[in-house]
Amino acid sequence: MNKKEKLLLTQIINLCGDFSDIFLNQIKNISLDLNSINIKKYLYKVVKRVLFLKFLQQKISPKFRFPLVSEKYFSKNAVLNNENYHKNIFNRLLFDVLPVKTELRVKEVQTAHFALTPQISEEFFFKDEIDLALEKHDLYLVDDFFLEIFTIFEPFSFSIDEFLGDKNIITPHILGVLLEYISENADKKGSGSFYTPPDMALFMLQESYPLLKNMKTPKIVEPSVGGGAFLIPLIYFLKKEGYLNSYSEIKNFVCSNLTLIDIDSEAIYIAKMRLTLSLINYQEIIDHEHNRGVEPLLKFTFFYEKNVFDFKDELEFKCFFKDKFDFIIGNPPYIGEKGNKEIFQKAKSGYFKKYYQSKMDFYYFFFFYGLNILNDDGVISFITTNYYLTATSAKTLREMMFSNMVVEKMFDFQEVRVFKMAIGQHNLISILRKSHNPDYLATLVRYEQSGSKPNIKVATSIKNNQKKTKKRYKIEKNIYEIKQKELYVGDDYYIFFEKNIEDSIINKMSLFPKLSNFAHVNQGIVSGYDKAFIFDSEKIDFKNKESDIFIEKFYKNSDIFKYIVNEETTKRVLYIDKDINFEKYSEIGEYLLKFEKILKDRIKRYDETYPWYKIHRPRDRKIFQELKIVAPQRSAENRFAISKSDFFGSADIYYINLKKNAPFSIYYLLALLNSEPYYNWLYNRGKRKGKILELYSTPLLQVPIYIPTENEDNIISKITLEIIRKQNSLLKNISIDRDKVLKEIDSLQNTLNKIVLGLILK
């Protein structure tokens, strides 16, 4: 969305907000089941209709320059010159002109200016429930609403052609953006849907469509059509590349080869609008011919409003999808299972339940869906997040890909923001073919970026293994190829997107035994309701000292530094891990009673049976009390620290406790985890979100550990203890030369890095 589009949409949103209150006041004495939300949705729909007519008006005949919609009936002056514009003119245009043959129109619209508008489509120009309810009571929007719209339009230029390449001109593309913009303002971001920019849609088509064996007449399905984000670029791409030439070829292709599905009726409505405008744009207006040379569009029978996972069994699925497809393209919604169990329920309980994996993202189902409806050699082209490459919850998906698909291409955009409204999201294009060939070469492309966010168009325009550098940013494109059988790593089929994955250091490390053999890794405290169990000692002070057995110092991940922890904290945790007598501990009882209802609801939510006042799933206190290594769940660096005393920490802290049989000291392990070679392992073979390491149980337990000799352990532990001593002196603000100490620590760390690397390559 460019600045012009954002300005226009902001004004439209504000207009609908202002007039929804006015309209509600109009109908307050009428028995209509309409609230402010429904009214606002209706106003947005009217705006979409106005925009449609505005774009249609831009199509003019080459000879006489007559528009398809006359300004006499569609302009600011038209509103001023026609009282009750909504009823007498606007609705006439929509319902008595656009869908009706000129010779069959009612008498009221048989005028020369109405005749300029040909029959366009029978598809969606009909009155919905609200139109009919308002009409029944002779209620319509006031003329000021339309005057305001046309006033808003005045500074802008419009075109029916979506691919002019001029950011100063508003095109039907804005209808798709409007769908997301309205959703965002209605707090619907939980739907996980983000509108795909046209540049990205075209890029995906350019990279995937030529891979089809049958490029002339492939059967294509878009399972989440949205507002037509791929549909319109597809038609433009096929015309531009010469796959389709005449309007007749375009129309036949659209009607015969496409299946377009979405669960959202408004998304389909906008897609139909944009498709209609696109097809009109490809026609030539001939004033003297019947219907001005425009071929009316019949019903779009290839659109389906449906949840593509709402199938009880295979029979029901195959009854709906009678034929298979050659090409699937889309941007499926990114929804986690947490907080969205209802959305997952149909997929989990029906035909797709065999693909369900706990904590998966909903978009994984779309890959399985693709597998089931693709012909052999068919192609999937999806843009999603890149987390499925290494996510524990995506093992089933990766295993399916390994067995049934070949990766043609993957484009990992990392920090390059594809969707402006999806801050912090890391996106990936996956282009897969339904085939199996372990020796087939996959092309992997990764974008490395530093500086402020460039336009996605910049990234996709970079040629092979090149970079673009501007004052505000640098972005580099790296490409390499790898065989399918080498792409997937280990029993979990991880996909690691790095050129240096075959580097001898990482390959050698992969041969070492895993940390899981020598240590336990546990998450910090998950209280179930922090407000009840975590507090500041300066604000709450229990007088009865016997209560102290349940009160522990509480730490956050920001208390963890490299090698050491900050032991000073005013935070406390009420760590109730056993039954207690509230008569004996009355202060605690009185305090927790304030939260009783919420804590009982917590037990129901987690389907547990423990007493309501207990902390959620308490850990063994030894985890927090014994000698251990602690790490933040997410960190830009490998940041591990030793903790000798009690360290009760939050859920975003992970605890590493050595098993009794561990063949090395905890200080040796601390040095490994904080070393440069192990950072490279965690970055390339561990879990990441963008460039941020994820240091939780699964990736930590998979870390390979070189087993040292006693002498090697002693040498490394001695250096580690010296770093700890110097770090503590800095933390305690002892009067020392800080710069000097920092240089000494860097020198010791460099020594450790060299020793660890030497052990790995030994």
Side-chain angles (χ1 to χ4, degrees), residues 190 192 194 309 330-341 343-344 347-348 352-371 380 382-405 407 410-415 418-419 422-432 442 444 446 484 487-498 501 510 514-516 521 523 631-636 651-652 654 681-703:
F194 297 97
F309 303 106
N331 173 14
Y334 318 148
I335 306 170
E337 186 172 13
K338 185 178 180 181
N340 295 293
K341 291 189 180 296
I343 296 173
F344 276 74
K348 283 171 59 176
F352 285 87
K353 66 182 177 183
K354 57 188 173 183
Y355 301 117
Y356 171 73
Q357 188 174 349
S358 178
K359 298 181 180 178
M360 69 185 287
D361 197 294
F362 195 73
Y363 76 76
Y364 300 175
F365 281 122
F366 281 80
F367 284 96
F368 296 120
Y369 163 86
L371 173 70
I380 289 176
F382 282 160
I383 182 165
T384 65
T385 61
N386 64 6
Y387 312 138
Y388 85 81
L389 300 177
T390 57
T392 305
S393 59
K395 178 186 175 183
T396 304
L397 169 57
R398 292 190 298 270
E399 189 172 4
M400 178 279 288
M401 288 169 56
F402 174 78
S403 302
N404 300 281
M405 298 278 186
V407 174
M410 283 183 171
F411 298 84
D412 187 358
F413 291 96
Q414 295 206 102
E415 303 296 327
V418 176
F419 306 110
I423 297 171
Q425 195 177 90
H426 303 90
N427 293 101
L428 173 83
I429 295 172
S430 304
I431 301 174
L432 316 174
L444 304 182
R446 165 159 278 176
Q484 305 290 318
L487 178 63
Y488 299 88
V489 178
D491 296 337
D492 289 323
Y493 302 93
Y494 293 129
I495 299 174
F496 296 104
F497 221 98
E498 295 295 336
I501 194 169
S510 67
K514 296 175 182 178
L515 181 61
S516 58
V521 178
Q523 187 182 19
Q633 181 177 341
R634 292 191 177 94
S635 177
D652 56 1
Y654 280 80
W681 172 275
L682 291 165
Y683 188 89
N684 292 315
R685 290 289 183 92
K687 301 291 177 68
R688 281 187 292 119
K689 188 170 185 182
K691 294 188 177 182
I692 303 298
L693 302 178
E694 298 208 319
L695 305 175
Y696 59 92
S697 298
T698 301
L700 290 179
L701 289 168
Q702 300 300 311
V703 170

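These numbers come from the heavy atoms of this one structure, side chains and all, not from hydrogens, waters or symmetry mates.
- In this structure the side chain of Leu682 reaches within 4.5 angstrom of the side chain of Val703, judged on heavy atoms.
- Nearest heavy-atom pair across Tyr488 and Gln484 is CD1-O, 3.3 Å.
- Met405 is listed as a side-chain neighbour of Ile380, based on a closest heavy-atom distance under 4.5 Å.
- Taking both residues in full, the closest heavy atoms of Pro332 and Thr384 are given as CG-CG2, 4.0 Å, listed atom of the first, atom of the second, then distance.
- Of the options Leu428, Asn427, Ile429, a side-chain contact (heavy atoms from CB on, under 4.5 Å) to Asn386 is made by Leu428 and by none of the others.
- Between Tyr369 and Phe309, the ring planes are perpendicular. Angles over 60° get that label, and only those under 30° would be called parallel.
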Could you give me the CA-CA distance, side-chain angles and deciding distance for Gln357 and Leu397, then say whether side-chain contact (heavy atoms from CB on, under 4.5 Å) is met?
CA-CA 9 Å; Gln357 188 174 349; Leu397 169 57; over 6 Å; no
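- Within the 4.5 Å cutoff, no side-chain heavy atoms of Leu695 are placed close to those of Tyr654.
- Taking both residues in full, the closest heavy atoms of Tyr388 and Ala394 are given as O-CB, 3.5 Å, listed atom of the first, atom of the second, then distance.
- Here the side chain of Gln633 pairs no donor or acceptor atom with the backbone of Tyr696 at under 3.5 angstrom.
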Take Phe365 and Phe344 through the side-chain contact (heavy atoms from CB on, under 4.5 Å) test and state the conclusion after the steps.
CA-CA 10 Å; Phe365 281 122; Phe344 276 74; 4.0 Å; yes
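- Residues Arg688 and Gln414 have side chains in contact (heavy-atom distance under 4.5 Å, counting atoms from C-beta outward).
- Partner of Leu444 under the side-chain contact (heavy atoms from CB on, under 4.5 Å) criterion, out of Leu487, Ile495, Asp412: Leu487 alone.
- The shortest side-chain heavy-atom distance between Tyr387 and Tyr334 does not fall under the 4.5 Å cut-off.
- Side chains of Val407 and Ser430 form no contact here, defined as non-hydrogen atoms less than 4.5 Å apart.
- Looking at Lys689, its side chain never comes within 3.5 Å of a backbone N or O of Glu694 through a donor-acceptor pair.
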How far apart are the C-alpha atoms of Tyr356 and Glu337, what are their side-chain angles, what is the distance that settles it, and do they pass the side-chain contact (heavy atoms from CB on, under 4.5 Å) test?
CA-CA 11 Å; Tyr356 171 73; Glu337 186 172 13; 2.8 Å; yes
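- A pairwise comparison of heavy atoms in Trp681 and Gln702 identifies CZ2-O, 4.1 Å as the closest pair.
- Of all heavy-atom pairs between Ser393 and Ser358, the closest is CB-O, 3.4 Å.
- No side-chain heavy atom of Tyr363 sits under 4.5 Å from any side-chain heavy atom of Phe382.
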side-chain contact (heavy atoms from CB on, under 4.5 Å) evaluation trace for Tyr683 with Lys691
CA-CA 8 Å; Tyr683 188 89; Lys691 294 188 177 182; 3.7 Å; yes
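- Within the 4.5 Å cutoff, the side chain of Phe362 has no heavy atoms near those of the Asn340 side chain.
- Cation-pi geometry between Arg398 and Tyr494 is not met: the NZ or CZ atom fails to fall both under 6.0 Å from the ring centre and inside 45° of the normal.
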